[in-house]
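One structure below.
Each chain gets a letter, A, B and so on, in the order the sequences are listed, and its residues count up from 1.
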Amino acid sequence: MNERYADIIVDITHEKLDRTFQYQIPPELEGRVQAGTRVKIPFGGGNRIIDGYVIGLGSRPKYEPAKIKKIAAVAEDGITVETRLITLAAWIRETYGSTMIQALKTVVPVKDKKKAKSGRRILLNVDQLQAASWLEQFRRRKYKAKIRLLEALVERPELTDEYVSKELKIPGETLKSLAEQGIIRLEQFTVYRNPIGESDVLVQEKEAPGLTAEQKEVLDGILREWEAGGRPCLIQGITGSGKTLVYMELIEKVLLEGRQVIILIPEIALTWQTVQRFYRKFGSLVTVLNSKMSPAERYDQFERVKQGEVQIVIGPRSALFTPFPRLGLIVIDEEHENSYRSEGTPRYHARETAIARGKLEGAHVVLGSATPSVDAYYRCRQGSYALFQMKSRYGGAVLPKVYPVDMREELKKGNRTVLSGPLQEAIGLRLRAGEQVMLFLNRRGYAGFISCRACGHVVKCPHCDVSLTYHNNGRLICHYCGFEREQLTSCPECGSPYIGGFRAGTQQVEQVVRKFFPEARTLRMDADTTRGKDGYERILKAFSGGEADILIGTQMIVKGHDFPKVTLVGVIAADVSLFASDYRAAERTYQLLVQAVGRAGRGELPGEAVIQTYHPEHYSIQAALSQDYEAFYEEEIGSRELMGYPPVSNLLAVHASCDREDTLQNAMEYIRRYLIRIRRRNDLQLVGPAPESVAKVQDYYREVLYLKSGEEQELIRMRELLERYIEINRGFASVHIQFDFNA
DNA sequence: AGCACGCCGACT
DNA sequence: GTCGGCGTGCTC
C-alpha cells in the first residue's frame, strides 16, 4: 500500500488535542515519516510553519486532494520524550482499540485547564492619573475593548489571563498593542504545586539495613538479567520478604547511571507505608502522583519532571506516562492488582503498557507480587519474563495457621447464620484474650450466582465454565455466550430446596456478630462507611488504636495495612468471589484469600485464619490453605487452556450499548456475521452475543460478544477491520462500541 | 494559538 | 472612500 498521506496532530503542548489534520507526504520525505515523527507543517491561512506530530499514515485522501498541503520537513531533533510517548499512544491504540485521540489523551497530559492556574497575568503599567488620560482618549475613539480592559485594570491593577479573555472578551491583539504602548504589562508566571509539603520531606535514611542472602541473590540475578539484555523481571516474594529493599537497590543503580525511575503502586491510600519508605530513602528526588489529582496538577508534576527536579515518580497507573527524558526503570508493585487495568477507553493494562514503553525507551521493567497474576506467571514459564522468588519472611515471623470450615456441615447441624460454629468459637477465644479480629466479606465481583447451601453445587454454563447469573425476569443467563435457562427450585445434585443466591452484606454480618458478641466493639469498613475524604484513615486509625475489637469489611481491609494485634482473620464466604461470572474468579479468590490470611499475626503474636466455604475441595481454596501458589497455578492454567482463556489464548470483547434494545441486537447480529465473513483462522471462535452482567445502565442496554484466538495478531486485525466497518455503516451511529483485550 | 475576513465608525 | 479596531471562525 502506498501511504502518501499522514494524519497529524498540531503542536500538542498548546492546542486542543481533539483534531487531526491530513497532509501529503512529499516524495523526498517518503520513508522518513512514521507515527510519532515530529514534522514541520504549513498551517492556517498564512501558512506559517508549525510543529506537528504524525499519528498515523494513510493511502486515501479524506478531503479534496487540492486542499491537502504538503509536509514541509521532518524536525531535526527527531526523537524526544514526546515522540516516544506518542509512539506509545499508537501502540496502545493498536493493542487495545480506541481512537488515536483517546490514546493520546491518556498518554499526554491535557493542558487546557492549565491556563487558569498559571500562564499570564495582566498588570497596569502606568499610574492611575495616566490611566485616566488614556481612558479619555480611548473613549473619544470608541475603542471598546481597550476601554473595557483599562476600566477593569483601574478597579483592580492585576487580572488573570482567563478573566481578560473569557469575561472581558479582549482579543490577544489588543493586549499586544496596549503592551507595546507601555500601558499594560504582561507577566508570565508558573506555579508548580508540590504535593509533598515541605514538612513531609523526611530525613534521608542513609544506612541500608544490609540485604539478606536471599534478597542479595535476587538482586544479583536481576542485574545479570539486565546485562543480558533485559527481559521483564518478576519478583515473587511472600509478604514480608523485603521486595521493597530489592527495588531500592535497583533504583539506586539506575539513578547512578543518570536515568529516572517510575514506581507504580495500586492505590496510595492503601500503600502509604511503602511510599513513606521511598521518601525516607530518596528524599526530594521523589514525587508522588495520586489518582485524585486534577489533570492540571498532574501536568505541573510532569513539568517539574521535565525540568529535571525529580528523578523518581511514584503513582498509580497514570504515572506510567511520566515524561522522563532518560527513563531507566519501571517498577510495578503488587503487579496482580486489578487497578492496573484502565476502566475507561482505551482499556490498557499498565503491566503490558509498561513493557511496551520499556522496549521503546530501553528501560528495565521489574514486577513484584506475593501472588502473581496468572498472566505474568505464565510469561515466566514461557520464558518471556524472568522469575525470581523470595520465600522467607525476615524477622522469622511465621505464617498463620489456616483452617477451612465446610458450610454444608453447618447447615446440616442446623446453623443457618453467616458465622459457623468454629469461627464463633475462635472469635470468642480471641476476644477473651484481648486480641483483635478481622472479618472479611468479599462482595466485589458478586453477580448473583445461584448455589446450593446443602451440597455447594453451583449452577454453571455448560459451555463456558462460568457461573450463571440470576436475572429479574426469573432466568439464569451466561454472560459469555448468552446461554439461558429457567431458575431452579431445587438442587439438581442433591434435591435440597436450599438453593438460591448468596445474600449477605457487611451490615448483616455486623448484626450477627452483635447478636453473638454483644459486649464486643465492632467497626464496619465498606463503600458506605468510607465515603468521606479520609474515611479509610479514620476507620483504620480507630481500629489500630484499639477502639474496636472486630473490624468487618470488604476488599479494602485486606490490603496493605499492618495491625499487630490482629490474631484472627475470618473469611465469611470464600465462594462469593470464586463463582463470580468471569473466568478470572478463581485467580482473584486465591489472591484475596492469601492476602486476607496474611493479615493475621503480623506482630509478636502468632495468628490464625478461618475460611468458610461450601467448596473446601476447590483448588483455589486448597492452595490458599497451604499457601501454595504453584499448586494453584497448575490447576488454573490447565483450566484456562482447556477453555481457551488468556493467557493461553487471547480474548477480545466487543462491548456494545444502545438505548434501543432491538437496534442493539440487530447491530450485534451484523457484527457477528461480519466477523464470520472476515475470519481467516480456523481456531478463531465467536462466543455470544450475550447480555452484560449489568444488562442495562441508565436506560442503555448492553451486550457483549467475545472472540477467542491463539493468535493475538489475528484478533487485532479483525478488530481493526470491524472498527472500520462500524465507522462506515450509519446503522451503528446510535450504538456505542468499546473493545476490551485480554481483560 | 494566530491569522484572515468582514463589519463598522472615524477621519481625510 | 479608506483606515484601523473589533469580533468571528477556521486551520488539512
Quickly work out the A:Leu149 CG to C:dG7 C1' distance and round it to whole Å. 16 Å
Determine, step by step, whether A:Val735 and A:Leu664 satisfy the side-chain contact (heavy atoms from CB on, under 4.5 Å) criterion, reporting the C-alpha distance in whole Å, the side-chain angles of both residues, the deciding distance to 0.1 Å, and the verdict. CA-CA 7 Å; A:Val735 184; A:Leu664 179 64; 4.2 Å; yes
Spacing between A:Asn47 atom CG and B:dA4 atom C1', to the nearest angstrom: 12 Å
Minimal non-hydrogen separation, A:Gln260 against A:Gly258, with atom names: NE2-O, 3.6 Å
Atom CD1 of A:Ile71 and atom P of C:dT11: how far apart are they, to the nearest Å? 18 Å
A:Asp51 CG to B:dA1 P, straight-line distance once rounded to whole Å: 17 Å
With a 4.5 Å limit on heavy-atom distance, are the side chains of A:Gln22 and A:Asp7 in contact? yes
How long is the line joining CZ of A:Phe43 and P of B:dC3, in whole Å? 12 Å
Check the distance between C:dT11's P and A:Gln22's CD and give it to me in whole angstrom. 14 Å
Are any of A:Arg148's side-chain N or O atoms less than 4.0 Å away from OP1 or OP2 of C:dG5? no
Does A:Lys62 reach a base, just sugar-phosphate, or nothing at all? Heavy atoms under 4.0 Å. nothing
In whole angstroms, how far is the C1' atom of C:dC10 from the CZ atom of A:Phe21? 8 Å
Measure from the side chain of A:Lys146, starting at C-beta and using heavy atoms only, and say which of C:dT11, C:dC6, C:dG7 lies closest. C:dC6
Count the heavy atoms belonging to other residues, nucleotides or ligands that lie under 6.0 Å from CG of A:Leu129, then report whether that count exceeds 12. no
Integer-rounded Å distance: B:dC11 C1' and A:Gln137 CD: 15 Å
How is A:Tyr63 classified with respect to the nucleic acid when contacts are heavy atoms under 4.0 Å: base, sugar-phosphate, or nothing? base
